[in-house]
Amino acid sequence: MPTITLPNGDKKSFDHPVSAYDVAASIGAGLAKAALAAKVDGELKDLSFTIDRDCNLALITASKPGQPTNPEALTLMRHSAAHVMAEAIQDVVGKDVLLAYGPPTETGFFYDMYVPEGKKLSSDLFDQINARMAAIIKEDRKFCRYEVAAVEGLNKLRAEGNKYKMDNAERALGMPSSVYKSSKPVAASSAAPGNQAASLSFYSTGTPGQNWEDLCRGPHVPSTSRIGVAIVTSLASAYWHGDENSDRLIRVYGTAFASQAELDNYLKQKEEAAKRDHRVIGKALRLFHIDETVGQGLILWTPNGSIVRRELQNFIAAELKKQGYTEVFTPHIGGLDLYKTSGHFPYYKDSQFAPIVEREALEKLSAAGCSCAEMINRVEGVSQRLADGINQRTKATTIAADRIKPDDQLIPGFMLKPMNCPHHAKIFGSAPHSYRDMPVRLAEFGTVYRWEQSGELNGMTRVRGFTQDDAHLFCTEEQVPGEIQGCLSLVKIIFATLGMKDYRVRVGLRDPDSNKYTGSAESWDKAEAACIAAAQSLGVAFSKEPGEAAFYGPKIDFVVKDVIGREWQLGTVQVDYQMGNRFDLSYIGADNTPHRPVVIHRAPFGSMERFCGVLIEHFAGAFPTWLSPQQVRVMPISEKTNDYAEKVVAALRAADVRVGLDAGNDRIQAKVKVAADEKIPYMLIVGPRDAESNSVSVRVRGTEKDLGAMPLDAFVAAIKAEIAARKAELGVKP
RNA sequence: GCCGCUGUAGCUCAGUGGUAGAGCGCACCCUUGGUAAGGGUGAGGUCGUGGGUUCAACUCCCAUCAGCGGCUCCA
């Protein structure tokens, strides 16, 4: 006798078990027709799910007319589409393609599969696969769920010879895997007896035993036609369980939408997003260059990109000056001992360039017949004296015994700096400090080098050499909250100036169950509270992330969303209780005794490279005037007005405006096209009419024609004001 | 790092086991034209790099470098 409560509070009672579909039908034929699945007590179920007890029930429909597809419905459709795609691929490529794992994703779905030797699954087959998918969808076969006892199900899968599905089933049953060999231990939760399902569920696309079927938890849409439109989009490789020592599978990506119009819209959006790709725009507008002879992941800033970067640096430097920062410069390399003290080497050596070793020392070792392996040992070793000092100061075994080598065996050397803080710590330590001078804020656009894996490199956003807009604030514990606040206000100014509204903040806090952190619980509490309060005061979305703090202190990360919807981690603010100890830094307090400073690391842009890359995509290359490599293009109508055009250029140049002249013998249409392609903010079209009245015809980027003539002087004054104010929008109007 | 795809003129890309193609850009000439490409002529390439197969390789094979797309937790 189930009594079913609907989302609006209505109750419906039945004197026998009913399916979710029956309930929908009892409400209305239209709803029954539109329903895709049901939510029973908050859990998604097939429409055919039998309800035999009291529950809350919500029916999932694709959408209300004129509204976007409900995300839950879309997920269902895509999960079902993954089945259809798998069937289509087995039809096209062969039944011996083994299916592994096929979930929906944020923008579609994928299915990992094993393609046997000799068979080929390539993008040449996409048309065939798409056609087959469309046919299956048109057949409107029902998704049919059936459950079998665990043993029976496992035997069935074993008979089919699909170890991947066997593994899936065993996991679902909470059994240790009999087929997947991994070095990783089975997660406790999946092995817990309480989690065991008594049976396994299968879905056939049509009649069980006759049509295609798959081990699957479900739920699915009622029948294939309810999927809408589905296509296969791309291929990639993936490992079974993401384990590179395991089988290599082919990951086939696809997507599905309720209607062709929505799919078309998605494809168009993807195309638009691809056009904003900073690598494409960066090449077209000659903003930067990567040369394979120089090296992967190393950015050459060409003149245009250098202007953008220089303007950004000037902007931030001006803000820093207002906030009482002082500028420093440090070299690109530092002695190995420096990084042994800071802890960067050898513990993070995998993400750093190899040390630079002095030639003479190397030659001596080589002459003595020293092997390569031994040479490395001599470079990476730490002297007893250094190790003792560090271990004593950090009150821990920071330098392990196996790293310690006799002094006469060690080779001196340098490292490309992976971070700026050791150099800055040395600057702070180079002079005595009183509490009255605190905080000491050292800022530098410091270039650092890190050895990113080659496959992770990407344009300007993931590189091996980059310049941080770095600073280290050496402060007293009491000053920490105020300094954090200052850092955030800086970030806020930057984002506001650039019109980047879609960002959020992550506050990394310590894991309450771990004791890996340095610094007292009390100072942690204060610093965490300060970070949270500061984040709150920003007025944007923020999340607390326990366990995400660095071992030396809590941190605040800024995550910006770009037009493609990708999130980029840009700036960061980190509190550090450890650095003072490692470098034995101190200041003299009011009590006339030395105290450890707390250090705040912060880089609001993150790096100039990544930030510019994100900015290129953000503006699609159409920078605000103050950032544009060329701010104005002067275009004479014909060579007859070239002289006047020169005069206009001279006037703008005298006002410090970056101006270009297109005095070629092209017609004005061609000049406009070229300037528009180069995304120049202002085109000044000058012909005899303008020359006569000492004016310019102004065409603003993004508009269809010029907005009329204005006196040259007025234009110069207006654009000067716009640049000085670092306006995000183009504002000069005649 | 691993897997797949790609690498031809400054850029975007065709192409074939037998002396290399287009469009754009560039240079020059004609045109002097008022808002998204006026016309002509011409220069420009060791076909990513190194090996191999072949009478002959940009093309086929191997290696290498680089770019692009992917790459962990439970159907």
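For the numbers below, each heavy atom of this structure counts, side chains included, while hydrogens, waters and symmetry mates do not. Throughout, a chain's letter reflects where its sequence line sits, starting with A, and its residues are numbered from 1.
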Go ahead and name the base partner of [N]; Watson-Crick or wobble counts if both distances stay under 3.5 Å, otherwise write none.
{"N": "G69(B)", "answer": "C3(B)"}
{"N": "C55(B)", "answer": "G18(B)"}
{"N": "A27(B)", "answer": "U41(B)"}

Comparing nearest nucleotides in RNA chain B, the 5'-proximal residue of the pair G687(A), Y253(A) is G687(A)

Which residue, F110(A) or D677(A), contacts RNA chain B at a nucleotide closer to its 5' end, judged by nearest heavy atom? D677(A)

Sugar-phosphate only, base, or nothing, as touched by [X] at under 4.0 Å among non-hydrogen atoms:
{"X": "Q296(A)", "value": "sugar-phosphate"}
{"X": "N665(A)", "value": "base"}
{"X": "R701(A)", "value": "nothing"}
{"X": "E456(A)", "value": "base"}
{"X": "P103(A)", "value": "nothing"}
{"X": "Q453(A)", "value": "base"}
{"X": "A169(A)", "value": "nothing"}

Under a 3.5 Å distance rule, please check whether [X] uses its side chain to pair with a backbone N or O of [Y] as donor and acceptor.
{"X": "N162(A)", "Y": "L157(A)", "result": "no"}
{"X": "D46(A)", "Y": "F49(A)", "result": "no"}
{"X": "K679(A)", "Y": "A620(A)", "result": "yes"}

Using atom [atom1] of [X] as one end and atom [atom2] of [N] as the other, report the distance to the nearest whole Å.
{"X": "R217(A)", "N": "A75(B)", "atom1": "CZ", "atom2": "P", "answer": "5 Å"}
{"X": "D666(A)", "N": "G38(B)", "atom1": "CG", "atom2": "C1'", "answer": "9 Å"}
{"X": "Y111(A)", "N": "G70(B)", "atom1": "OH", "atom2": "P", "answer": "22 Å"}
{"X": "I668(A)", "N": "U31(B)", "atom1": "CD1", "atom2": "P", "answer": "19 Å"}
{"X": "I299(A)", "N": "G67(B)", "atom1": "CD1", "atom2": "C1'", "answer": "13 Å"}
{"X": "D662(A)", "N": "C26(B)", "atom1": "CG", "atom2": "C1'", "answer": "14 Å"}
{"X": "R286(A)", "N": "C24(B)", "atom1": "CZ", "atom2": "C1'", "answer": "12 Å"}

Considering only [options], which nucleotide approaches the side chain of [X] most closely?
{"X": "R667(A)", "options": "G33(B), U35(B), A36(B)", "result": "G33(B)"}
{"X": "S638(A)", "options": "C30(B), U32(B), A36(B)", "result": "U32(B)"}
{"X": "I685(A)", "options": "U35(B), G10(B), A75(B)", "result": "U35(B)"}
{"X": "K705(A)", "options": "G69(B), U35(B), U32(B)", "result": "U35(B)"}
{"X": "K673(A)", "options": "A36(B), G38(B), A75(B)", "result": "A36(B)"}
{"X": "Y101(A)", "options": "C74(B), G34(B), G33(B)", "result": "C74(B)"}
{"X": "E292(A)", "options": "C11(B), G69(B), A66(B)", "result": "A66(B)"}
{"X": "R279(A)", "options": "G69(B), A36(B), A75(B)", "result": "G69(B)"}
{"X": "N458(A)", "options": "G69(B), A75(B), U12(B)", "result": "G69(B)"}

Separation between the P atoms of U59(B) and G52(B), rounded to whole Å: 14 Å

Hey, can you tell me if H220(A) and H79(A) have their rings parallel, tilted or perpendicular (30° and 60° cut-offs)? tilted

Please confirm whether the shortest side-chain N or O distance from [X] to OP1 or OP2 of [N] is below 4.0 Å.
{"X": "K671(A)", "N": "G33(B)", "result": "no"}
{"X": "Y682(A)", "N": "U35(B)", "result": "no"}
{"X": "R251(A)", "N": "G69(B)", "result": "no"}

Do F288(A) and W301(A) have their ring centres less than 6.0 Å from each other? no

Check whether the ring centres of F202(A) and Y146(A) lie less than 6.0 Å apart, and answer yes or no. yes

No-hydrogen, no-angle side-chain donor-acceptor test under 3.5 Å, S628(A) and Q630(A): no

